[in-house]
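First up is the structure itself, then whatever we jot down about it.
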Amino acid sequence: MSKPLGPIPHGFGERDGELAIDGHRASDLVTQAGRTPLFVYSRSLLSARMAALRAALPARIGVNYAIKANPHRDVITHIMPLADGFDIASAGELRLALSLGLEPERISFAGPGKRDEELEPAIAAGVTLNCESEGEAARALAIGQRIGATPRIAIRVNPDFELKGSGMKMGGGAKPFGVDAERVPDLARQILSSGAKWRGLHIFTGSQTLSANAIVEAQANILKLSAQLADQIGEPVPKLNMGGGFGIPYFPRDVPLDLEAVGSALHGLIADLPAPLAETDLCLELGRYLVGEAGVYVCRIVDRKVSHGVTYLVTDGGLHHQLAASGNFGTVVRRNYPVAIASKMGAAPEETVNVVGCLCTPLDRLADDAALPRAEVGDLVAVFCAGAYGASASPSAFLGHGPAAEVLV
Ligand SMILES: Cc1ncc(COP(=O)(O)O)c(C=O)c1O
């Protein structure tokens, strides 16, 4: 019995019986890169996703890119003219963003545990800090005084509600993220009276949700809470980062997020915006939704073997680049990502096989009991939905195989 594979995202093609990405045959891209494994990111799919968002969302709502999802330089450079803002999570991402010429006014820095040596360059550059605690805000203000710069500070709020159906919840109850909502007004008043530049609120409640209803409910709650906080603070909120959490379908039976439904509900919420938010700049902060489906991971079969009647296609890829596809990054039950034999795209399935990586651990699985066309040593395997949290969120130093190549086409 074979197990189903996740849905291959729209927008990939076939040329001469091979997977084609933006018209390029997978084998040609591998030849150009000089090696496998290779992450390929598609410019046209990145642009199309952003265009779909702009078409669905009210113009009033900006779209920020969370660089953590894919910090490849060419990917960020491609997104720079398309997105409004950029969210960073470390001094490393700050250096990367600034080195690419991103304007500091477009950058916000979230994440618990920001060290002084990260806060200082961020304040000096003039990026917005989404402060995660009173302690962090105090350190930021002290650093600002010491270096003679005015910190730009927003408060990340830990709301009392969560993003339902979210793969990773980041709000509701005790959390290491943000300041509990009831303590936000006091902290905001301290920031205002310190002379720092008050930048407003950040409410990021979770990640990887496919339910439009859950996202809309969270957004309605976020607007309501922000209006209450603005009232309690007694000053307008210049900017409200409403978070995101838009998910992508990775697994069999995952139903894509209904973007139109989210967009039309947001039009309604904006038309009815609470008075304290009338002048507030609004934005969403998206990572995987912008880049996840635009990337594919291509690796090569190096061995084909049978053990106790089970066929294994052993590739030169694996969990050191594809931790999430192996089922070891935040999933409870392992399910198959969309996987295909890239050199036999469109061919009918002929056999049930296990596709594994080259690491000597039973965790290194790319597809279990997958019905695929017959593949031999030398054939290419494609793992889709590889554009987010692939290269950068996998343990590429593990066992010394080294990082994969990456290319934007
Ligand atoms: C603060 C913050 N922003 C953005 C993201 C990006 O989430 P996603 O890639 O699921 O959109 C995360 C994910 O953990 C996050 O913690």
Side-chain angles (χ1 to χ4, degrees), residues 9 41 46 49-50 52-53 57 61-72 75-76 79 83-90 93-94 97 106-114 118 122 127-133 136 154-159 162-172 175-179 199-212 214-215 218-219 222 239-251 254 256-257 259 262 283-295 323-324 329-331 385-394:
Y41 310 121
L46 291 172
R49 179 50 58 96
M50 189 58 104
L53 274 161
L57 297 173
I61 298 196
V63 177
N64 288 6
Y65 174 50
I67 284 176
K68 59 170 72 91
N70 187 330
H72 190 265
V75 170
I76 299 174
I79 296 176
D84 298 296
F86 290 79
D87 184 62
I88 57 166
S90 67
E93 288 188 353
L94 173 68
R106 293 170 76 196
I107 304 175
S108 51
F109 184 1
K114 300 183 192 77
E118 297 183 287
V127 315
T128 294
L129 302 173
N130 291 330
C131 273
E132 306 262 354
S133 73
E136 184 183 301
I155 301 176
R156 178 160 178 192
V157 182
N158 175 29
E162 58 180 36
L163 178 56
K164 291 188 187 135
S166 163
M168 293 196 196
K169 294 194 194 330
M170 294 181 170
K175 289 281 179 293
F177 314 110
V179 176
R199 295 304 300 140
L201 303 172
H202 176 220
I203 310 185
F204 189 91
T205 50
S207 190
Q208 180 52 20
T209 298
L210 291 171
S211 158
I215 287 177
Q219 286 170 344
I222 285 167
K239 183 155 184 143
L240 170 61
N241 178 330
M242 301 166 66
F246 293 22
I248 61 172
Y250 288 104
F251 301 117
D254 274 359
L257 175 67
L259 181 62
V262 174
C283 69
L284 297 174
E285 178 183 341
L286 304 175
R288 78 185 74 224
Y289 194 75
L290 289 177
V291 295
E293 288 169 283
L323 190 63
F329 191 54
T331 37
C385 292
Y389 307 110
S392 67
S394 302

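Sequence positions, counted from 1, serve as the residue numbers for this chain. Order of listing sets the numbers, starting from 1, for every ligand and every atom in it.
- For the atom pair Tyr65 OH and Ile88 CD1, the distance stands at 13.5 Å (nearest 0.5 Å).
- Scanning all protein heavy atoms for the shortest distance to atom 10 (O) of ligand 1 gives Ser207 OG, 2.5 Å.
- Protein heavy atom at the shortest distance from atom 1 (C) of ligand 1 is Glu285 OE2, 3.6 Å.
- Nearest non-hydrogen protein atom to atom 11 (O) of ligand 1 is Gly287 N, 2.9 Å.
- A donor-acceptor pair under 3.5 Å is absent between the side-chain atoms of Lys68 and the main chain of Ala393, judged by distance alone.
- Arg156 pairs by the salt bridge (charged side-chain N to carboxylate O under 4.0 Å, His left out) definition with Glu132, not counting sequence neighbours.
- Not a single N or O atom of Ala66, backbone or side chain, sits closer than 3.5 Å to an N or O atom of ligand 1.
- Among protein heavy atoms, the minimum distance from atom 5 (C) of ligand 1 is reached at Phe204 CZ, 3.3 Å.
- The main-chain N or O of Lys114 is never found under 3.5 Å from a side-chain atom of Glu118 such that the two would form a donor-acceptor pair.
- On a distance-only criterion, Arg288 and ligand 1 share at least one N/O pair closer than 3.5 Å.
- In terms of protein heavy-atom proximity, atom 14 (O) of ligand 1 is closest to Met170 CE, 3.2 Å.
- Checking side-chain atoms of Asn64 against main-chain N and O of Asp87 turns up no donor-acceptor pair under 3.5 Å.
- By the 4.5 Å heavy-atom criterion applied to side chains, Leu290 and Met50 are counted as neighbours.
- Contacts between Tyr389 and ligand 1 below 4.0 angstrom, taking non-hydrogen atoms only, involve the side chain exclusively.
- Atom 2 (C) of ligand 1 has Lys68 NZ, 3.2 Å as its closest protein atom, hydrogens excluded (heavy atom only).
- The closest donor-acceptor contact from the side chain of Arg49 to the backbone of Tyr289 lies under 3.5 Å.
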